[in-house]
Amino acid sequence: MAIQQINLQQVNQQIQQCIENCLDCHSICLNTVTTYCIHQGGMHIEPAHIRLMLDCAEICQTSANFMLRGSELHLRSCAMCAEVCDRCAQNCDRFSDDHQMRVCADICHRCAESCRQFSLVAA
């Protein structure tokens with residue numbers, strides 16, 4: 001019984017952290033692409049870059065929603081979220097000397113890791 005309680009507490013803490021990271025990533029990616037990238041021009045507005053950032057924002061919002069409502073598919077959405085966040089982070093890492101893109105890459109890395117970790121604990 002005590003082991004189950006510890007595991008349940010661990011899952012509850014990890015799901016809360018994962019939800020927070022997903023919501024933060026959604027907000028930062030969406031804000032960065034709509035208020036920063038479009039004004040920077042150049043590589044910042046490449047169609048593939050814009051699509052990936054919007055995809056990342058969307059899957060993060062969806063994953064957070066799945067976890068918040070206890071969807072039976074939340075582990076699958078978290079796995080997809082981790083993959084998209086990894087790709088977005090790698091893409092944003094191209095802008096190594098750009099502070100705003102560094103912030104975006106960092107939250108994408110954090111979200112990807114928490115989604116992966118949550119998927120492993122909850123599985």
Side-chain angles (χ1 to χ4, degrees):
M1 181 84 151
I3 293 175
Q4 285 180 324
Q5 286 177 337
I6 291 169
N7 287 340
L8 184 56
Q9 284 179 335
Q10 183 181 12
V11 168
N12 285 339
Q13 289 172 349
Q14 280 200 286
I15 197 168
Q16 286 298 335
Q17 187 61 56
C18 194
I19 290 167
E20 287 178 30
N21 287 337
C22 284
L23 292 175
D24 288 347
C25 193
H26 167 262
S27 177
I28 289 171
C29 283
L30 191 59
N31 188 50
T32 300
V33 77
T34 59
T35 64
Y36 182 76
C37 289
I38 60 172
H39 297 292
Q40 293 301 306
M43 291 184 353
H44 289 83
I45 59 169
E46 291 173 351
H49 174 69
I50 298 293
R51 273 192 306 272
L52 187 54
M53 289 189 71
L54 291 173
D55 286 351
C56 189
E58 188 70 27
I59 193 63
C60 288
Q61 180 71 60
T62 299
S63 291
N65 288 343
F66 274 39
M67 287 182 279
L68 284 166
R69 67 176 171 258
S71 171
E72 292 178 6
L73 299 173
H74 73 275
L75 293 178
R76 292 170 82 183
S77 71
C78 281
M80 177 60 71
C81 188
E83 181 180 339
V84 174
C85 285
D86 278 337
R87 289 182 186 193
C88 191
Q90 289 171 0
N91 192 273
C92 290
D93 279 337
R94 297 181 304 151
F95 304 91
S96 58
D97 60 342
D98 186 317
H99 174 72
Q100 185 61 37
M101 299 310 295
R102 183 77 247 140
V103 168
C104 193
D106 288 347
I107 188 60
C108 288
H109 283 298
R110 192 173 338 132
C111 187
E113 185 58 29
S114 68
C115 280
R116 260 192 299 282
Q117 290 300 316
F118 174 65
S119 295
L120 294 174
V121 170

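For the numbers below, each heavy atom of this structure counts, side chains included, while hydrogens, waters and symmetry mates do not.
No more than 12 heavy atoms of other residues, nucleotides or ligands shown are found within 6.0 angstrom of NE2 on H99.
Note on I45: it does not cluster hydrophobically with M101, by side-chain heavy-atom contacts below 4.5 Å among ILVMFWY residues. A continuous path of hydrophobic side-chain contacts links V33 to Y36 [ILVMFWY only; heavy atoms under 4.5 Å]. There is a path of hydrophobic side-chain contacts, each under 4.5 Å, that joins I19 to F118.
Within the 4.5 Å cutoff, side-chain heavy atoms of Q61 are placed close to those of L23. Within the 4.5 Å cutoff, the side chain of H26 has no heavy atoms near those of the I59 side chain. Between C85 and C115, the closest side-chain pair of non-hydrogen atoms is not below 4.5 Å. C18 is listed as a side-chain neighbour of M67, based on a closest heavy-atom distance under 4.5 Å.
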Side-chain donor-acceptor contacts of residues 46-58 below 3.5 Å, not counting sequence neighbours, with atom names and distances?
unit_1, atom_1, unit_2, atom_2, d
E46, OE1, R94, NH1, 3.2
E46, OE1, R94, NH2, 3.4
H49, ND1, N91, OD1, 2.4

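For D86 and R116, the salt-bridge test passes: some basic side-chain N is under 4.0 Å from an acidic carboxylate O.
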With side-chain hydrogen bond (donor to acceptor under 3.5 Å, both in side chains) as the test, would you mind laying out the steps for T35 and N31 before giving the verdict?
-> CA-CA 6 Å; T35 64; N31 188 50; 3.2 Å; yes
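Between the side chain of S77 and the backbone N or O of H74, at least one donor-acceptor pair lies under 3.5 Å. A donor-acceptor pair is defined here as one N or O able to donate and one able to accept, closer than 3.5 Å; such a pair exists between the side chain of S114 and the backbone of C111.
Between H44 and F95, the two ring planes are tilted [angle within 30° to 60°].
A donor and an acceptor atom, one from each side chain of Q13 and Q17, are nowhere located under 3.5 Å apart.
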